[in-house]
Amino acid sequence: NRSDTVNLWATSGRLQASVGTAAVCPNGKIQGTELIAFAPHSPVLAAGCYGGLRLWNVADPFHVTALSPWLPSSPANSWVNSVAFDHSGKILAATGNGYVTLWNVADPAHPIKLGSLNAKLPDSWTVVSISPDGHTLAVGADTTVQLWNITNPGDPRLMGAPLTGPTQWITSIAYSHNGDILAAGSADDNIYLWNTAKPHPETPFGTLTGHTDLLTSVAFSADDRTLASSSYDETVRLWNIAPAGPLGNPLTAHTDYALSVAFSPVGNTLASIGNDDTVYLWDMNAQDAISRICASTVGILTPAEWHRD
């Protein structure tokens with residue numbers, strides 16, 4: 001957000017309204033698409049920016065309060081590139097300036113640093129995602145994804161060879177909800193899919209092509225059958241996972257970079273945010289969408305006419 005804040009929105013029913021803000025940055029602006037994350041089953045929001053990372057209580061979005069002090073993102077304490085919670089909401093991973101740090105946030109008012117990866121990563125954009133079982137940390141650094149065993153988060157261990165495929169830096173990664181598939185968007189305009197349930201997942205089983213500019217975000221639907229993506233080409237796209245391929249036409253409401261996408265927990269709504277200062281909510285239930293369109297054109301279009309060939 002260009003005003004150094006995170007905006008909170010109520011999306012119940014058909015009303016979408018801004019209800020609060022959080023995370024005024026200490027040293028700069030919030031920039032990037034992976035810099036906020038909600039803890040599962042908790043009103044805790046993690047937000048990073050230039051100067052560090054902070055935890056916020058958003059139980060009452062009209063009165064957002066800081067829970068933690070500003071936490072350093074790296075020895076240089078510069079940009080936070082990415083944040084991700086584990087499934088319990090008690091472990092938080094954050095990247096910045098080529099470092100990845102793990103925090104115990106079971107008491108969000110008093111986070112405890114558990115450890116860091118014992119490898120300096122490239123200073124280029126670094127993104128993270130934690131597997132649903134909480135055992136594996138995926139780190140997208142430069143053109144590869146590293147998998148780290150974080151069963152003991154105080155002593156992360158590198159697992160096997162890196163996942164390869166992208167020809168330019170990785171901009172976003174996400175695990176499927178069942179933990180079997182890892183998706184990564186790249187600056188080469190493509191999305192790569194790896195089957196991390198296999199003993200040797202290094203080679204992608206699918207490459208999704210169609211975007212015409214850098215990928216900014218990828219997200220799985222609740223049933224893991226659909227992947228959504230956003231891009232600098234100003235579009236949001238939907239993809240089938242098995243077999244891997246596009247679903248329908250691009251969603252083209254944004255008038256500037258499409259920066260991030262996220263599915264609602266039950267998967268019937270997709271949210272996208274753009275550099276045009278706009279958040280769009282997309283109805284993923286086709287029948288509901290048809291009913292609303294028909295209801296708004298009374299006397300012109302009936303459901304029967306809609307389905308007519």
Heavy-atom pair of closest approach, residues P108 and L55: O-CD1, 3.5 Å
Which residues share a side chain to side chain donor-acceptor pair (under 3.5 Å) with S231, sequence neighbours left out: D233
Heavy-atom closest pair, residues N178 and I181: OD1-N, 4.2 Å
Which residues share a side chain to side chain contact (heavy atoms under 4.5 Å, CB included) with L247, sequence neighbours left out: T226, L238, N240
Where A46 and L53 come nearest, the two heavy atoms and their spacing: CB-CD1, 4.2 Å
Result block: side-chain N/O donor-acceptor pairs under 3.5 angstrom for residues 154-162, not counting sequence neighbours:
unit_1, atom_1, unit_2, atom_2, d
D155, OD1, R157, NE, 3.2
D155, OD2, R157, NE, 2.9
D155, OD2, R157, NH2, 2.6

Smallest separation among heavy atoms of T143 and I170, with atom names: C-CD1, 3.8 Å
Qualifying ring pair (Phe, Tyr, Trp, His ring centres under 6.0 Å) pairs with a residue from residues 255-279, counting only residues at least two apart or across chains: Y232-Y257
Steps toward side-chain hydrogen bond (donor to acceptor under 3.5 Å, both in side chains) verdict (H177, D224): CA-CA 6 Å; H177 294 86; D224 287 335; 3.0 Å; yes
Heavy-atom side-chain proximity of V127 to W169 below 4.5 angstrom: no
Test side chain to side chain contact (heavy atoms under 4.5 Å, CB included) applied to T269 - qualifying residues, sequence neighbours left out: S264, L281
Show me the donor-acceptor pairs, under 3.5 Å and distance only, between side chains in residues 198-210 and residues at least two apart or in other chains.
none

Taking every non-hydrogen atom, the tightest pair across W282 and S272: NE1-OG, 2.9 Å
